[in-house]
Amino acid sequence: MAHAVLALAAAVFCAAGCVWSLPAVADVRAREDRPRSRRIAAAGCLTGWGTVALLVPLLLAPVSWKGIGAVAVTGAATATALAARSRVQRAHELREAEEHWVAWGYGVPVRPAPAPSRAFLVWLLPGLVVATAVATAILWSGQADLGRTAAAALTAAGIVSVFLALAIVDPAAGHTVRRGEAPKGRPGRR
């Protein structure tokens, strides 16, 4: 496939991604008005879409496939690392908020369970990324032939199947919880 066709596809894909990138810009620009975890997640989102935007001129320039792949992998790894850091920071913020609720005398608020579709995607999307990376590594490791292509396809299908099974049997998917009740009267008073 010609580089110009891939560049056009990347440009269209990046333009469609403004649904995610523009709110991320607003979150980053809001600075302290947004929680730190949300700003980190927004930076990860912008890194991912910025990588796609960077691929457009690289595909139009005489750059080798290895260089383009290196940029894409670096951008994807950075965006993934920022997303993981955002989740860790969010968990820290939730624990801190729970401590404040307890200190105020309201008891520990119980966290709502994630929506089943979100829990499903949390398992399936990493599986798709891992399957793509493994299949690409298999195809790049030697001369292209029918056996190598079949091995890449079967390996990717196996990886996606494992993650799909994990997504289906996720124990947190059907878990429902309720929020704690507020105490009678004001805390600290009798």
Please check: side-chain N/O of Ser37 versus main-chain N/O of Ser86, any donor-acceptor pairing under 3.5 Å? no
Value rounded to 0.5 Å, distance of CD1 in Ile40 from CD in Gln89: 5.0 Å
Side-chain donor-acceptor pairs under 3.5 Å in residues 21-31, sequence neighbours left out?
from: Ser21; atom 1: OG; to: Gly17; atom 2: O; distance (Å): 3.3
from: Asp27; atom 1: OD1; to: Arg34; atom 2: NE; distance (Å): 2.8
from: Asp27; atom 1: OD1; to: Arg38; atom 2: NE; distance (Å): 3.3
from: Asp27; atom 1: OD1; to: Arg38; atom 2: NH2; distance (Å): 3.3
from: Asp27; atom 1: OD2; to: Arg38; atom 2: NE; distance (Å): 3.1

Identify whether Trp65 and Leu55 are in the same connected component of the hydrophobic contact network (ILVMFWY, side-chain heavy atoms under 4.5 Å). yes
Nearest heavy-atom pair of Ala53 and Pro57: which atoms, and what distance? O-CD, 3.1 Å
I'd like a table of donor-acceptor pairs (distance under 3.5 Å, sequence neighbours excluded) in which one partner is a side-chain atom from residues 151-163, with atom names and distances.
from: Thr155; atom 1: OG1; to: Ala151; atom 2: O; distance (Å): 2.7
from: Ser161; atom 1: OG; to: Ala157; atom 2: O; distance (Å): 2.7

Under the side-chain contact (heavy atoms from CB on, under 4.5 Å) rule, collect the residues that match up with Glu99, sequence neighbours excluded. none
With Leu54, which residues qualify under side-chain contact (heavy atoms from CB on, under 4.5 Å), at least two apart? Leu58, Val71
Contacts of Arg148 meeting side chain to side chain donor-acceptor pair (under 3.5 Å) (sequence neighbours excluded), chain-then-number -> Ser141
Val63, Leu59: one ILVMFWY side-chain cluster at the under-4.5 Å cut-off? yes
Pairing residues for His100 by the ring-ring contact (aromatic ring centres under 6.0 Å, His included) criterion, not counting sequence neighbours: Trp104
In chain order, what residues pass the side-chain contact (heavy atoms from CB on, under 4.5 Å) check against Thr78, with sequence neighbours excluded? Thr47, Thr74, Leu82
Does Glu32 have any salt bridge (Lys or Arg N to Asp or Glu O under 4.0 Å) partners at least two apart in sequence or in another chain, and if so, which? Arg39
Do any pairs count as a salt bridge (charged side-chain N to carboxylate O under 4.0 Å, His left out) and have a residue in residues 9-19, sequence neighbours left out, and if so which ones? none
If hydrophobic clusters are built from ILVMFWY residues whose side chains come within less than 4.5 Å, do Leu60 and Ile68 share one? no
Who else is in Trp49's hydrophobic cluster (ILVMFWY, side-chain heavy atoms under 4.5 Å, direct or via others)? Phe13, Val19, Trp20, Val52
Heavy-atom pair of closest approach, residues Gly75 and Thr51: CA-OG1, 3.2 Å
